[in-house]
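Here the structure comes first, spelled out in structure tokens, and everything after it is commentary.
The basis for the numbers below is simple: all heavy atoms, side chains too, and nothing from hydrogens, waters or symmetry mates.
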Amino acid sequence: MLTVRVRFAPSPTGSLHIGGARTALFNWLFARRQGGVFVLRLEDTDTGRNIEEAVTQIQSSLRWLGLDWDEGPDRGGPYGPYRQSERFELYRKEAQRLLENGHAYWCYCTPEELARQREEARKRGEVPRYDRRCCELDEATRRAKEVAGIRPALRVRMPRTGTTVVRDLIRGEVSFDNSTLDDIIIQKSNGGPTYNFACVVDDAAMNITHVIRAEEHLSNTPKQIVLYQLLGYDLPEFAHVPMILAPDRSKLSKRHGATAVEEFRTDGFLPEAIVNYLALLGWSPGDEREQMTLEEIQSLFTLDAVSKHAAIYDVRKLTWLNAQYLNSLPLPRVVEAVLPFMQEAGYVSRDPSAAEVDYLSRVVEAVRSRIHTLVELRDAATYFFRSDYEYEEKGVRKHFSKPGVIDILARGCEALAGVAEDRFTVEETEKAYRQVIERLGIPGGALIHPTRLALSGRTVGPGLFDIIATLGKEECLARIDRAIDWIESFVLSGAKMNKPF
RNA sequence: GGCCCCAUGGUCAAGUGGACUAAGACACCGGUCUUUCAAGCCGGUAACGCGGGUUCGAAUCCCGCUGGGGUCACCA
């Protein structure tokens with residue numbers, strides 16, 4: 001059996017989009033499942049629109065997602081080069097073949113003229129289509145055009161009768177009436193190939209067996225199939241995967257929030273979650289599984305389980321999945337993922353010591369269950385790294401303004417002081433606190449809430465004793481002392497004034 | 001507008017003529033647990049776009065309509 005070869009062929013005009021990422025993912029999954037080869041090819045024939053930065057950006061996004069390729073611009077391969085801008089000779093050679101066997105002809109119409117022709121056709125209520133006026137130009141006229149400085153484009157004479165059938169692995173057979181096919185340009189007047197041509201030539205030259213791409217290319221396919229036939233190439237299999245739409249059913253764009261993989265990365269999403277979510281968008285394992293590893297998805301993936309209809313992208317489910325991963329991945333993995341965020345915030349040094357990593361691990365363990373993204377994780381953990389926080393106003397009102405709170409906090413502080421440094425654990429500190437609560441005959445919250453506010457400045461967060469044990473004895477005592485001072489100077493007098501009773 | 005694709009709750013999605021009184025997940029709403037907030041657990045609201053066929057029987061097959069999307073470049 002022939003080795004499966006698929007390709008992901010982005011145009012380096014911007015960063016990797018979520019839609020492109022899913023197309024890449026499906027290609028990757030198919031290749032890996034079939035024991036095939038995954039090729040990365042850059043479709044950079046429009047030299048004016050290329051952004052070199054996009055090339056590295058796209059590659060880094062793919063790598064970050066865990067989608068590795070076997071052949072590509074950076075690593076070469078037996079069918080290279082893998083940038084179309086370096087393959088112009090091949091395209092010219094193939095175009096020449098078409099010209100020689102009469103399937104192609106030179107067109108001297110300028111873009112302006114063509115636009116006018118289209119406009120006129122539209123006015124007459126006709127489908128705009130090239131009228132082949134350059135098809136039979138005599139030598140003299142051609143020479144005259146050339147002398148006038150007009151560089152021609154090369155067109156392919158498409159069949160005007162019959163039908164072309166696209167056999168699609170996801171949609172079945174889709175047929176197009178050949179009369180709707182226009183004489184497409186395969187070589188621009190600047191000598192470069194157009195997309196439809198370069199794509200066909202390369203897919204054939206690179207022995208691509210399955211063309212898996214977005215649905216927007218379905219209408220291009222009949223033209224491409226004709227090119228395959230005219231060039232004498234074998235047809236690959238086609239599979240057009242449904243589009244990803246924005247919540248308002250329109251095409252996904254920047255105004256719909258984050259759409260680039262890179263943005264998700266900086267917004268604190270894990271590649272595990274993104275890949276998982278993308279797989280679920282348009283594909284299903286057929287059972288109730290939701291959270292799956294790349295390996296698991298890979299072993300289950302088939303093209304015929306891909307749905308036919310477009311899917312609306314929903315960031316809330318992605319967020320939920322991200323939270324699931326944050327909460328279930330091995331701790332070191334989450335620590336590794338959040339580290340850059342912590343370093344950027346200045347909470348952890350650039351070259352962290354083992355002790356720093358250890359401390360960060362304990363912090364992550366304490367807060368990971370109540371956050372959805374790495375950004376949230378970073379923000380939920382600030383007070384573990386700095387003590388210059390302010391006390392939440394709502395908390396001050398609820399917990400720092402109660403009569404006797406200073407005394408209660410002082411008792412708690414004493415109790416913690418009584419716990420030996422090397423036994424400053426969740427269990428021991430809780431035991432000490434419970435004793436205070438019992439001795440004072442107060443509800444647990446009367447001590448626990450003000451302590452939380454003192455230690456974190458917040459009213460919500462991890463279990464208090466997790467905070468206490470993580471912060472450590474010295475820090476806890478200092479923070480409670482500071483809170484007591486603060487209450488004395490800011491709350492006591494103010495509270496009296498605000499509350500007449 | 002021509003051509004093409006698609007159509008199950010707000011969203012993802014299972015379903016391939018009878019097990020459908022239509023699964024599961026997100027979101028939402030309740031409850032539970034609890035030192036807070038989450039998480040977890042339990043429960044709830046909510047869907048086969050419409051109209052014709054075919055069939056003993058249709059979410060499932062056919063036709064029409066409607067709706068959505070894609071595409072009609074010397075962009076990819």
Does B:C75 have OP1 or OP2 under 4.0 Å away from a side-chain N or O of A:Lys188? yes
Using atom types as modelled and distance alone, determine if a side-chain donor or acceptor of A:Asn276 lies under 3.5 Å from a backbone N or O of A:Met292. yes
With a 3.5 Å limit on both atom pairs, tell me what B:C50 is paired to, counting Watson-Crick and G-U wobble, or say none. B:G64
Between A:Arg87 (side chain) and A:Asp202 (backbone), is there a donor-acceptor pair under 3.5 Å? no
Rounded to the nearest Å, what distance is computed from the CD1 atom of residue A:Ile371 to the P atom of nucleotide B:U36? 20 Å
A:Ala153 side chain, from C-beta outward: closest of B:C74, B:G24, B:A38: B:C74
Which label fits A:Phe264 and A:Phe269: parallel for a plane angle under 30°, tilted from 30 to 60°, or perpendicular past 60°? perpendicular
Consider the side chain of A:Val127, meaning its heavy atoms from C-beta on, and name the nucleotide among B:G2, B:C37, B:A39 that approaches it most closely. B:G2
Counting side-chain heavy atoms from C-beta on, which of B:G24, B:U36, B:U35 comes nearest to A:Arg370? B:U36
Any pair with a residue in residues 171-205 of chain A that passes ring pair (Phe, Tyr, Trp, His ring centres under 6.0 Å), sequence neighbours left out, goes on the list, sorted by first then second residue, please. A:Tyr195-A:His217
Side-chain donor or acceptor of A:Thr194 under 3.5 Å from a matching atom on the base of B:C74? no
Where protein sits on nucleotides 3-13 of chain B, one letter per nucleotide: B base, S sugar-phosphate only, - none, heavy atoms under 4.0 Å: SSBSS--BSBS
Return the nearest nucleotide to the side chain of A:Lys251; candidates are B:U71, B:A25, B:A76. B:U71
Ring centroid separation for A:Phe8 and A:Trp69, is it under 6.0 angstrom? no
Look at the side chain of A:Gln324 and decide which nucleotide, out of B:G40, B:A76, B:U71, has an atom nearest to it. B:G40
Distance check: side-chain N/O of A:Arg458 vs OP1/OP2 of B:U36, anything under 4.0 Å? no
Any-strand Watson-Crick or G-U partner of B:G43, both distances under 3.5 Å: B:C29
Is the side chain of A:Tyr391 donor-acceptor paired with the backbone N or O of A:Phe400 at a distance under 3.5 Å, no angle test? no
